[in-house]
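The shown structure was predicted, so the numbers you read here are calculated from the model rather than taken from an experiment. Computation of the quantities below employed the complete heavy-atom set of this structure, encompassing side-chain atoms and omitting hydrogens, waters and symmetry-equivalent molecules. The first residue of the sequence shown is numbered 1, and numbering continues consecutively from there.
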Amino acid sequence: MPNTGDSKPPEWLFAAVIRNADVSALRDAGQHIRAGHLVAFPTETVYGLGADATNGEAVARIFAAKGRPHFNPLIVHVPDLGHAERLGIFSGAATRLAEAFWPGPLTIVVTRQADTPISELVSAGLPSLALRVPDHPLAQALLRAAGRPLAAPSANRSGHVSATSAAHVAEDLETRVAMILDGGATQHGLESTVVDATGSAIVLLRPGAVPIEALERVLGAPVVRASANVDPSAPRSPGQLESHYAPRASIRLNATHIQTGEALLAFGADAPSTAGPQFNLSRSGDLVEAAANLFAALRTLDASGAATIAVMPIPNGGLGDAINDRLKRAAAPRS
Ligand code: TXA
Ligand code: MG
């Protein structure tokens, strides 16, 4: 039975508690994060479902807990602009926005630093990174206690509305998080505004708690609306669907044997033997480990120069759905 992130719950799963965020709860929460567990915490917008952003398996557990059937990129929370600049490359405009609105409900998408320790799963394989400095004393206290950047989507099950109180989080995720830090009701109750600052113009990806006009006043320039039919409730930023990571090599799914010249993306113990380039997502058939390795594996095999990557079958269910969704997109014909 593969570990889907659902099937082998560690004991702490059942001890999940809403904790008053005192000194001892914050110390425990920091330890959970460093151990790769999930901690839900308040921000000024909505509650976040946090994990160590540098630990790929911890990040994979976020997707398993949310029951998301696909990977979309996550926001990384850091204590201040200095920390953010070590992870991503800030243009002049990105820096002006950060200085004006951080700490606060603005998420800035920038290009990843080449040596960034952030897991590739956080970016869903994209060369960019979404960064935010939260303006909530408990979010800041957790960042200090953990000493790690926190990847955190809204703390709700996939398809449900974002949680704005600890009780909402518990309704959705109680048995799936190590701890829920209680900070009362959130101030905005609306997610952060997300802008793409990787190019020369600032592009709005998701409307949110910071109004566009406020951004434009700081920039002295218009913010580009990514699309006319921006749906604030859409689970993905507009534009994400087209810009997902696509390997150069073609992808052959459900491969049980390997053809000459193909690279092999294997899963489990019975991989066909090959002298060519190969990457096993998880020898033990663990879907959490496989999800954590997925984007690095595709990139490595793509870089080998093979024209085709043969992909062994990966079981559906839990994280298997999200892995197979991404592989199917990678295999689809491109224009
Ligand atoms: O207020 C908020 O932003 C909350 C709190 C917890 O910080 N977080 C939140 O996360 O709403 P989530 O995962 O539900 O939404 C993140 C949004 C998605 O629309 C995602 O596509 C976009 O940010 N995003 C993340 N990384 C991106 C990237 N590299 N490029 C483009 N969009 C990105
Ligand atoms: Mg969300």
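Side-chain contact between P153 and I62: present, with at least one pair of heavy atoms (C-beta onward) separated by less than 4.5 Å. Using a 4.5 Å heavy-atom threshold, the side chains of V76 and L129 count as touching. Using a 4.5 Å heavy-atom threshold, the side chains of R144 and P79 count as separate. V17 places none of its side-chain heavy atoms less than 4.5 Å from the side chain of I180. Under the 4.5 Å side-chain criterion, counting only non-hydrogen atoms from C-beta, S128 is not in contact with T111. For the pair V288 and L319, the minimum side-chain heavy-atom distance is below 4.5 Å. Between I314 and L287, some side-chain heavy-atom pair lies under the 4.5 Å cut-off. Using a 4.5 Å heavy-atom cutoff, the side chains of V39 and L142 are in contact.
Note that NE2 of H70 is 14.0 Å distant from CG of N324, once rounded to the nearest 0.5 Å. Going from atom CZ of F267 over to atom CG of N293 covers 11.0 Å, rounded to the nearest 0.5 Å. Expressed to the nearest 0.5 Å, how far CD of E216 lies from CD1 of I202 amounts to 11.0 Å. Rounding to the nearest 0.5 Å places CD1 of I33 at 10.5 Å from OG1 of T54. The distance from atom CD1 of I309 to atom CZ of F279, rounded to the nearest 0.5 Å, is 11.5 Å. Within the model, atoms CG of L143 and NE2 of H136 stand 12.5 Å from one another, a figure rounded to the nearest 0.5 Å.
Smallest separation of non-hydrogen atoms from I212 and V223: CG2-CB, 3.9 Å. The shortest non-hydrogen separation linking K66 to L49 is CG-CD2, 3.8 Å. Here the shortest heavy-atom pairing between P134 and V78 reads CD-O, 3.5 Å. Considering every non-hydrogen atom in both L181 and P42, the closest pair reads O-CD, 3.4 Å. Here the closest heavy-atom approach between residue F101 and residue L215 is recorded as CE1-CD2, 3.7 Å. Residues F90 and A98 come closest through the heavy atom pair CE2-CB, 4.3 Å.
Checking side-chain atoms of Y47 against main-chain N and O of G183 turns up a donor-acceptor pair under 3.5 Å. Side chain of Q113 to main chain of E85: a donor-acceptor pair is present (N/O by atom type, distance under 3.5 Å, no hydrogens or angles). The main-chain N or O of R96 is never found under 3.5 Å from a side-chain atom of E99 such that the two would form a donor-acceptor pair. D302 places a side-chain N or O within 3.5 Å of a backbone atom of A249 that can act as its donor or acceptor partner. Judged purely by atom type and a 3.5 angstrom limit, Q278 uses its side chain to pair as donor or acceptor with the backbone of T274. A donor-acceptor pair under 3.5 Å is absent between the side-chain atoms of R148 and the main chain of G30, judged by distance alone. Judged by distance alone, the side chain of N280 and the main-chain N or O of G268 form a donor-acceptor pair under 3.5 Å. In terms of modelled atom types and a separation under 3.5 Å, the side chain of R252 and the main chain of A310 share no donor-acceptor contact. Proximity of a side-chain donor or acceptor of R299 to a complementary backbone N or O of G125 within less than 3.5 Å is detected. In this structure, the side chain of R61 engages the main chain of G36 through a donor-acceptor pair within 3.5 Å.
Taking the six-membered ring where tryptophan is involved, the planes of F295 and F71 are perpendicular, since the angle between them exceeds 60° and thus also 30°.
Linking Ile, Leu, Val, Met, Phe, Trp and Tyr residues whenever their side-chain heavy atoms come within less than 4.5 Å places L253 and L298 in a single cluster. Cluster membership for M312 and L265, using ILVMFWY side-chain heavy atoms within less than 4.5 angstrom, is not shared. When the side chains of ILVMFWY residues are joined at heavy-atom separations under 4.5 Å, either directly or via intervening members, L264 and L301 end up in two distinct hydrophobic clusters. The hydrophobic cluster containing L38 also contains V122, counting ILVMFWY residues as joined when their side-chain heavy atoms lie under 4.5 angstrom apart, directly or transitively. In the hydrophobic clustering of this structure, I75 does not group with I118; members are Ile, Leu, Val, Met, Phe, Trp, Tyr whose side-chain heavy atoms approach within less than 4.5 Å, directly or through other members.
In D270, the CG atom is not crowded: 12 or fewer heavy atoms of neighbouring residues, nucleotides or ligands sit closer than 6.0 Å.
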May I have the step-by-step check of side chain to side chain donor-acceptor pair (under 3.5 Å) for S192 and R206, ending in yes or no?
-> CA-CA 8 Å; S192 63; R206 179 179 75 183; 3.3 Å; yes
R132 and T45: CA distance, side-chain angles, deciding distance, side chain to side chain donor-acceptor pair (under 3.5 Å) verdict | CA-CA 12 Å; R132 168 159 125 74; T45 58; 3.2 Å; yes
For the pair L87 and H83, evaluate side chain to side chain contact (heavy atoms under 4.5 Å, CB included) and give the outcome as yes or no after the intermediate values.
-> CA-CA 7 Å; L87 306 177; H83 280 82; 5.8 Å; no
Start with the C-alpha gap between V133 and L81, add the side-chain angles, then the distance that decides, and say whether side chain to side chain contact (heavy atoms under 4.5 Å, CB included) holds.
-> CA-CA 7 Å; V133 174; L81 177 56; 5.7 Å; no
Go through the steps for D196 and T198 under the test side chain to side chain donor-acceptor pair (under 3.5 Å), then give the verdict.
-> CA-CA 6 Å; D196 181 343; T198 57; 2.6 Å; yes
Evaluation steps, side chain to side chain contact (heavy atoms under 4.5 Å, CB included), between V311 and I251 = CA-CA 7 Å; V311 181; I251 303 280; 3.7 Å; yes
Could you walk me through whether L131 and V110 pass side chain to side chain contact (heavy atoms under 4.5 Å, CB included), step by step?
-> CA-CA 8 Å; L131 291 161; V110 294; 3.7 Å; yes
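Using a 3.5 Å distance cut-off with no hydrogens or angles, the side chains of N156 and S154 do pair a donor with an acceptor. There is no side-chain donor-acceptor pair under 3.5 Å between R86 and T116. For S123 and R112, the side-chain atoms include at least one donor-acceptor pair closer than 3.5 Å. Between the side chains of T186 and E44, no donor-acceptor pair is found at a separation under 3.5 Å.
Under 4.0 Å is where a charged nitrogen must lie from a carboxylate oxygen, and between R157 and D172 no such pair does. Looking at R19 and D182, no side-chain N of the basic residue comes within less than 4.0 Å of a carboxylate O on the acidic one, giving no salt bridge.
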